Amino acid sequence: MKKSIFLWMGILFILMAGVSSCSSDDDVISNSKLIVGEWEASHQSKNPKYFDTADEWDFTFNADGTGSWPLATGSFRYHIEGNRITLRLMNTETYYGQTEFEYIIVSLSKDRMEWDEIPVNGSDNSLYLKFSRKKQ
């Protein structure tokens, strides 16, 4: 009887350890340093009434947490937490009345990246962007 109690306790412990280790791996970008470099958008979608070409969505990310975006005519600071990236414009101009943009990083690898914008205040002004690293 004691052997079967210990056996069941061991199985329960293994199951609990397995469940807790699987919690939110999908919500974390394992190597956010991969974002550093120059990226060009190869695809954009969701609302063509606001965005007609993907070529306006090129970004440069620097290792110091800053970057540039030609469309917003200036530079920004970025912060990655989990799978969320926040871009904060550093100049006084706004883009569509906004100075801060948030995206879910759907995927990030050495050569490819995908983002899904988190709309602000119920706006229909949202994007799904696919990027490829610019060739040096």
Side-chain angles (χ1 to χ4, degrees):
M1 179 73 168
K2 282 185 179 181
K3 286 182 182 179
S4 80
I5 289 174
F6 286 121
L7 176 65
W8 283 110
M9 285 177 60
I11 291 171
L12 183 61
F13 176 76
I14 290 170
L15 288 173
M16 287 174 48
V19 168
S20 67
S21 68
C22 297
S23 60
S24 62
D25 292 350
D26 293 339
D27 295 337
V28 177
I29 298 301
S30 61
N31 188 354
S32 62
K33 292 178 183 178
L34 286 173
I35 202 168
V36 174
E38 294 182 41
W39 296 88
E40 57 188 352
S42 59
H43 172 79
Q44 60 84 26
S45 66
K46 278 203 180 171
N47 198 334
K49 116 178 159 182
Y50 292 112
F51 309 105
D52 55 354
T53 59
D55 62 347
E56 298 174 341
W57 294 91
D58 293 351
F59 289 91
T60 299
F61 292 93
N62 303 314
D64 66 356
T66 63
S68 60
W69 176 29
L71 190 58
T73 65
S75 56
F76 59 84
R77 291 200 175 281
Y78 71 93
H79 174 74
I80 297 176
E81 186 171 326
N83 69 339
R84 188 175 283 219
I85 184 168
T86 303
L87 306 179
R88 182 167 305 185
L89 300 180
M90 292 175 15
N91 58 11
T92 56
E93 294 181 41
T94 64
Y95 184 73
Y96 283 109
Q98 288 180 248
T99 57
E100 186 171 293
F101 300 85
E102 285 191 297
Y103 301 87
I104 299 294
I105 301 173
V106 177
S107 67
L108 175 60
S109 68
K110 187 179 113 184
D111 297 318
R112 303 243 182 259
M113 177 169 57
E114 292 183 37
W115 292 359
D116 193 6
E117 185 176 18
I118 301 169
V120 176
N121 299 328
S123 169
D124 64 349
N125 184 8
S126 66
L127 288 173
Y128 189 93
L129 294 163
K130 292 182 181 180
F131 297 92
S132 42
R133 190 174 296 277
K134 282 189 177 181
K135 305 288 187 236
Q136 301 290 329

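We number each residue from 1, following the sequence as shown. What you see is a predicted model; the values in this text were computed from it and never measured.
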S.K.: I need the Asp116 CG to Glu102 CD distance, nearest 0.5 Å.
M.R.: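 CD of Glu102 is found 12.5 Å from CG of Asp116.
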S.K.: To the closest 0.5 Å, what do you measure between CD1 (Ile85) and NE2 (His79)?
M.R.: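 So the gap between those two atoms works out to 10.0 Å.
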S.K.: How close do Leu108 and Asn31 get, heavy atom to heavy atom, and via which atoms?
M.R.: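 Smallest interatomic distance, heavy atoms only, reads CD2-O, 3.9 Å.
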S.K.: Could you check if a side-chain atom of Trp115 sits within less than 4.5 angstrom of a side-chain atom of Phe59, using non-hydrogen atoms only?
M.R.: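 Yes, at least one pair of side-chain atoms sits under 4.5 Å.
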S.K.: Rounded to the nearest 0.5 Å, how far does CD of Glu117 lie from CG of Leu129?
M.R.: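 Nearest 0.5 Å value for the CG-CD distance: 8.0 Å.
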S.K.: Centres of the Phe76 and Phe61 rings: under 6.0 Å?
M.R.: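 Ring-ring flag for Phe76/Phe61: true, centres closer than 6.0 Å.
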S.K.: With the side chain counted from C-beta on, respond yes when Ile105 and Glu114 share a heavy-atom pair under 4.5 Å apart, and no when they do not.
M.R.: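 Ile105 vs Glu114: side chains apart.
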S.K.: Going from OG on Ser107 to CZ on Phe131, what distance comes out if it is rounded to the nearest 0.5 angstrom?
M.R.: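 Going from OG on Ser107 over to CZ on Phe131, the span is 10.5 Å.
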S.K.: State the NZ-CD distance between Lys135 and Glu38, to the nearest 0.5 angstrom.
M.R.: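 Taking NZ in Lys135 and CD in Glu38, the distance rounds to 12.5 Å.
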S.K.: Give the minimum heavy-atom separation between Glu40 and Asp58, together with the two atoms involved.
M.R.: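 Closest heavy-atom pair between Glu40 and Asp58: CA-OD1, 3.1 Å.
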S.K.: Can you measure from CG (Leu34) to CE (Met113) and round to the nearest 0.5 angstrom?
M.R.: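 Taking CG in Leu34 and CE in Met113, the distance rounds to 10.0 Å.
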S.K.: Measure from the side-chain N and O atoms of Arg133 to the backbone N and O of Lys110, and report whether any donor-acceptor pair falls under 3.5 Å.
M.R.: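 At least one qualifying donor-acceptor pair exists.
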S.K.: For Tyr78 and Asn62, indicate whether the former's side chain and the latter's backbone hold a donor-acceptor pair under 3.5 Å.
M.R.: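 Looks like yes, one N/O pair under 3.5 Å.
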S.K.: Can you confirm whether or not the ring centre of Trp69 sits under 6.0 Å from the ring centre of Phe101?
M.R.: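 Judged by ring-centre distance (under 6.0 Å), Trp69 and Phe101 do meet the cut-off.
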S.K.: Write down the atom of Ile80, the atom of Ser32, and the distance for their closest heavy-atom approach.
M.R.: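 Scanning both residues, the minimum pair turns out to be CD1-CB, 3.8 Å.
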S.K.: Step by step, would you call Met90 with Arg77 a side chain to side chain contact (heavy atoms under 4.5 Å, CB included)?
M.R.: CA-CA 7 Å; Met90 292 175 15; Arg77 291 200 175 281; 3.1 Å; yes
